[in-house]
Every structure is written in C-alpha cells, then in structure tokens.
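Values reported hereafter were calculated over all heavy atoms of this structure, with side chains retained and with hydrogens, waters and symmetry mates removed. So that the names make sense, note that chain A is the first sequence line, chain B the second, and so on, each numbered from 1. Predicted, not measured: the structure shown is a model, and the values here were computed from it.
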Amino acid sequence: MAKDKKTKPSKELPLGFVDRQEKELLIRDFVISNIKEVMIKYGFQYLETPSFEYTDSIGKFLPDKDRPDQGVFSFKDEKNWLSLRYDLTAPLARYVAKNYMELPKPFKRYQLGTVWRNEKPGPGRFREFLQFDADFIGTKNLMADAELCVMISEILEKCGLDKKDYTIKWSTRKITDALFESLKISSSNKRLKILRSLDKLDRLGWNEVKKLLGKGRKDQSGDFTEGAGLSSSQTQDIYEIFVKKELMPTGDKYEEGAGKDIRSMTNYLDVFGFENYKFDPSIIRGLEYYTGPVFEVNLNFEVKNLKGQAIQFGSIGGGGRYDNLVSNFGNLDCPATGISIGLDRLVFALMQKKDFKIKPKRPIVICVFDKDKIQEYIEILNKLRTSDISSEIYPGEGKLKKQMEYANKIGSPAVILYGDDEIKSGKATLKNLGTGNEISVKLEDLVDEIKKII
RNA sequence: GCAGCAGUAGCUCAGUUGGUUAGAGCACUAGUUUGUGGAACUAGGGGUCGGUGGUUCGAAUCCACCCUGCUGUACCA
C-alpha cells in the first residue's frame, strides 16, 4: 500500500457542486410532476435543448453589455468554442430563430434542464442547478404575462404552499423608461446602475439605496460599492415614485407605455380571478433585456441554512417580457415573455416549510441463512416482486446480525427469516422492523401479511 | 471580485504561555450472542493538525503567502 497521499484522487467536490440525496430528489420529482401537470393543463409544449451551445449563441447575442460572455464554462472542440448553457432563455431564442418557419405563432413551450454558471456560489446557490422555464414566443398580448403569474402560483400551491407563503410582485420596465426620460438620463451605464440600485430596495431599504444612487455605499463587512452619482433632486424624484409610490412619471411617454401596461396587466390579473399579486414599482430585475412587465416570486417564510442560521433567501424565480431578444438571431420581429424558477432552491425551501409525506420505498429484506438454499429465497423474492413489493435478498455476506443491521440501516419495513426451522415447518418468520414483532406465516400468505406492514 | 470569520479523524469539536508517540463523542469494523436490528459493554482501524515556505533545539500552536468553507456585498442570464 502506497502511503503517498498526493497520488490519491480528491474526494472533495469542485467548488459550487453538490451531491443530492434521495430525500431531496424525491421532493424534486414531486415538484416536477406538479409542473408537468400544470404545463399540460395550460397548453405548453415540452422542449429539450442540448447542454452545450456555441459560445456565440449564448454569449455575444445577449444584449447585456456589461458581461457579454463571462461566467460560463467553455471549451474548444476541433473548430469552435462551446459553452454549457447558463439559462434556458438564450437557447430558446436560438431554437426559435432556427425553427421559426415551422413553429406555431405564438409558440408556448416549457423546459426543465440543468444550467451551469461559472461564478462564486452563495448560500443556497450552486454552479450547477435545475431550472424550469415557461415562455410565450410571438405575442405582444399581456394576457400572456398575466397568465404566467397565474400559472406559477398554481404550481406553487400544488406543491403545498399556502397563499400567505408567497407573493408575486410585478412592475413594468416602462416606468423606469419614463423616469429616465423625465430625469434626462441617457447614459446606458448610468441607467443600468440605477436599475440595479432600485432592485435592492426590498432587501436594503431606502436609506441604503439612496447611497447607491448617490455617491456609494459601504456594507457591513466594510466593502464599498460605487454609486450612480445622481443629484439630490433626482434622488428625491425617485423616492416619490419608488418608495412613497404616490408620484408617477408624467407625460405622454408614461401614459402610452407604463400606464397602458399597468392598466392592461391589472385588468387581466383581475379577470383571471388572481389576487395573490402585488404591484411594486421597485421590482426591476437587474437584467438589461427586459422591455415590459417584469415579475418576481418571493417566499414569505424564513429559510435556514444547514447550520440553522436564517439566511437572505431572495426570490425563487421571476421573469418578464423580452421583446427584442429573439431578433438578435435574425431579422425576426418576435416579442416574447417568460418565467423561470430555480427548482433546487424551491425544493430547499419546501423541505423546511412542510414535512412532505414522501418517504423512500425501502425493500423487504430476505435474510440468507444458507447459500445452498438460495433457490428457496429466490422463489420468495419472485413471489413478492410479482406482487410489486419492493424486496431483495440480502446482497452482502455475513451473519444474521449483520443482515439485520443492514435492514435497519436502509429503513426496511420488515425482514423475512427462512432458515432450517422455518423450512421444516413450511412457514417463514416475518419480522416487522418498526415494532419488532415476529409472526410465523405460511409462504402463500406472505404477500398479504407484508401488505399489512407497508 | 471585495470584505469579515473559520479550517485538527467520515461528522461535531477539545488541545493549557511552542515541549515526548495529537485526544473525546458520534460514526465505522470485529467481538460479547456461529438464528435477530434500533440499547449496553470490550477491542480495533482511521490524522504528515487545509497546503507551501519561514522563525525555532523543537510548531496543531508564532509569521507570510496560497487553497477551501461560511456569512455579507457585488454580479446574477
């Protein structure tokens, strides 16, 4: 045995990647099955696109000028740069552009898929995670935007959340469009900074956001963030609109844009009979490519990390209207709106919210006394499996004690003992591992007795 | 990326002002019981004390740098 530790492979995981165990996966499966049911009910098509795309397709075509293609995992094959997708929206835009002629208009699709981000992970955020997306492609009708909110809420409630557990907040980018016009701010860099500052209102509060709009802000750890450099009168206008929520930007531009969006969305949401929403002008969603209504799904209960500390959980999903994204792939006038949810984060929160009665099905364990009697055991096994009872013959080697310990550890509901004594009498011993009771059962009655236990 | 805190066995941690061969609990393996788990007892395996370099007769302990984790912040498609 070589003792050189450096030659051994590491058992640690790469930064930001995690193993996921059965308990979490079963809840995730439950969430996914709810999503699929709702998607079918709402008339969305199921789509899958590959994990890799050409880097160009998901990088350069994104109109987020700040970071064109950072944060993705990439490699070069013989000819081209490929990247793992970092969301499902960019691949969708690529797919729509590629298949535009054949697709129905509007095109409604949903997608479940793993996405990867090459950046430093935070609490509850990893570099690999599962995302759910639903989008309407090719319609300007805001009924689509409203329906996305209704639909997402149906999914959440199917998963066991109450109305008080979550809120869908929404706004429209046309408010800030009008604001920038009235404040005469044309620099896109400055606009982006203001958008990002306002996006933090709910988390930091006005006093901190005020600093971000002005000279800058120092956080608890002493880190300094440079501000947008607005004047105090400009900041005051923003305060009236986004905090006091009394004044709205005025003028024709506002009436035609934001005013229309707000009246239309509110009307549709009301007609759908949907009430669990809140209009909040401070919902921005930092991204540059949104053009109209934007929405965000927030949880209203406390979420703790593995050490039991309450953490800033943030939203579990959101979306909005992006009328210009698809056109990046060609001269297609293609409005679109969509929503996405981080499933792993939702599952993480759900695990704390509710004790799901989702337990893994563990097998009945048939103990092995004598390897020469293996035919007898396989006969019992076949009988159980024919009746769809999860079961196995003890797969290891060793004494009965070891077999019992194994059965206990995996959470088996019961073991079957069939040694010399039982074989003589033709009756197996069935031991209930929950109660510790043992009963003697004729082989033909085994299935019925087991069904009483499981 | 920036900042604060932390890193000793698989896990949770102890380890005195630097001093022989680095400890405990849980977990693991074997036995007490060659046909009985979840309890108890006994024994055992498992660590170059996150890494590298330095100070020193001597470093888990002091210093520097790096890596990793947590929390906040930035960014978030």
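When all heavy atoms are compared, the tightest approach of V365(A) to A407(A) is CG2-CB, 4.0 Å.
Counting to the nearest Å, the C1' atom of A77(B) and the CD1 atom of I341(A) are 16 Å from each other. Nucleotide G69(B) holds its P atom 11 Å from the CZ atom of F126(A), rounded to whole Å. One can place CG of L325(A) at 10 Å from C1' of A77(B), the figure rounded to the nearest angstrom. When rounded to the nearest whole Å, the span between CD1 of I194(A) and P of A74(B) equals 16 Å. Atom P of nucleotide C75(B) and atom CD1 of I284(A) are separated by 13 Å, given to the nearest angstrom. Note: CG (L84(A)) to C1' (A77(B)) measures 14 Å, nearest angstrom. To the nearest angstrom, C1' of G72(B) lies 13 Å from CD of E208(A). One atom, CZ of F17(A), and another, C1' of U68(B), lie 16 Å apart when rounded to the nearest Å.
Counting only N and O atoms by type, the side chains of E438(A) and T429(A) include no donor and acceptor under 3.5 Å apart. Side-chain contact, T89(A) with D135(A): no donor N or O sits under 3.5 Å from an acceptor N or O.
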Open item on the list: Show me the dot-bracket string of RNA chain B, counting Watson-Crick or G-U pairs under 3.5 Å, with | for pairs to another strand and [ ] for crossing ones.
Closed with: (((((((..((((.....[...)))).(((((.......))))).....(((((..]....))))))))))))....
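One C1' atom belongs to U55(B), the other to G15(B), and the distance between them is 23 Å to the nearest Å. With C1' as the reference atom, A22(B) and C13(B) are 14 Å apart, rounded to whole Å. Distance check on atom C1': G50(B) versus U32(B) gives 40 Å, rounded to whole Å. C67(B) and C28(B) have their C1' atoms separated by 29 Å, given to the nearest Å. Here, A77(B) and C5(B) have their P atoms 32 Å apart, quoted to the whole Å. Using atom P as the reference point in both G54(B) and A60(B), the two lie 15 Å apart (nearest Å). Remark: the separation of the C1' atoms in A59(B) and G37(B) is 47 Å, to the nearest Å. When the C1' atom is compared between G23(B) and A14(B), the two are found 7 Å apart, to the nearest whole Å.
Regarding contacts with the backbone of U33(B), every side-chain N or O of K399(A) stays at 4.0 angstrom or more from both OP1 and OP2. Of the side-chain N and O atoms in R203(A), one or more sit less than 4.0 angstrom from OP1 or OP2 of U73(B).
For the ring-ring contact (aromatic ring centres under 6.0 Å, His included) test, no residue two or more places apart in sequence or in another chain qualifies with F73(A). Evaluation of the side-chain contact (heavy atoms from CB on, under 4.5 Å) rule for L332(A) yields A97(A), Y100(A), V326(A), C334(A) as partners, not counting sequence neighbours. Legend: residues meeting ring-ring contact (aromatic ring centres under 6.0 Å, His included) with Y322(A), ordered by chain and number and at least two apart, are Y289(A). Evaluation of the side-chain contact (heavy atoms from CB on, under 4.5 Å) rule for K211(A) yields E208(A), R217(A) as partners, not counting sequence neighbours. S327(A) pairs by the side-chain contact (heavy atoms from CB on, under 4.5 Å) definition with N324(A), not counting sequence neighbours. With sequence neighbours excluded, the residues that form a side chain to side chain donor-acceptor pair (under 3.5 Å) with Y277(A) are D270(A). Partners of S425(A) according to the side-chain contact (heavy atoms from CB on, under 4.5 Å) rule, which considers only residues two or more places apart in sequence or in another chain, are K427(A).
Among the protein residues, R217(A) comes within range of the sugar-phosphate backbone only, with heavy atoms under 4.0 Å from sugar or phosphate atoms but none that close to a base. Residue contacts for K200(A): at a heavy-atom cut-off of 4.0 Å it reaches the sugar-phosphate backbone alone, with no base atom in range. Within 4.0 Å (heavy atoms only), T225(A) reaches sugar-phosphate atoms of the nucleic acid but no base atom.
With the nearest nucleotide of RNA chain B identified for both G16(A) and R117(A), G16(A) has the one nearer the 5' end.
Counting only heavy atoms from C-beta on, K402(A) has its side chain closest to A30(B) among A30(B), A74(B), A77(B).
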Open item on the list: Walk along nucleotides 35-44 of chain B from 5' to 3' and tag each nucleotide B, S or - by protein heavy-atom contact under 4.0 Å, base first, then sugar-phosphate.
Closed with: BBBB------
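Taking the six-membered ring for Trp, F279(A) and W170(A) have ring centres closer than 6.0 Å.
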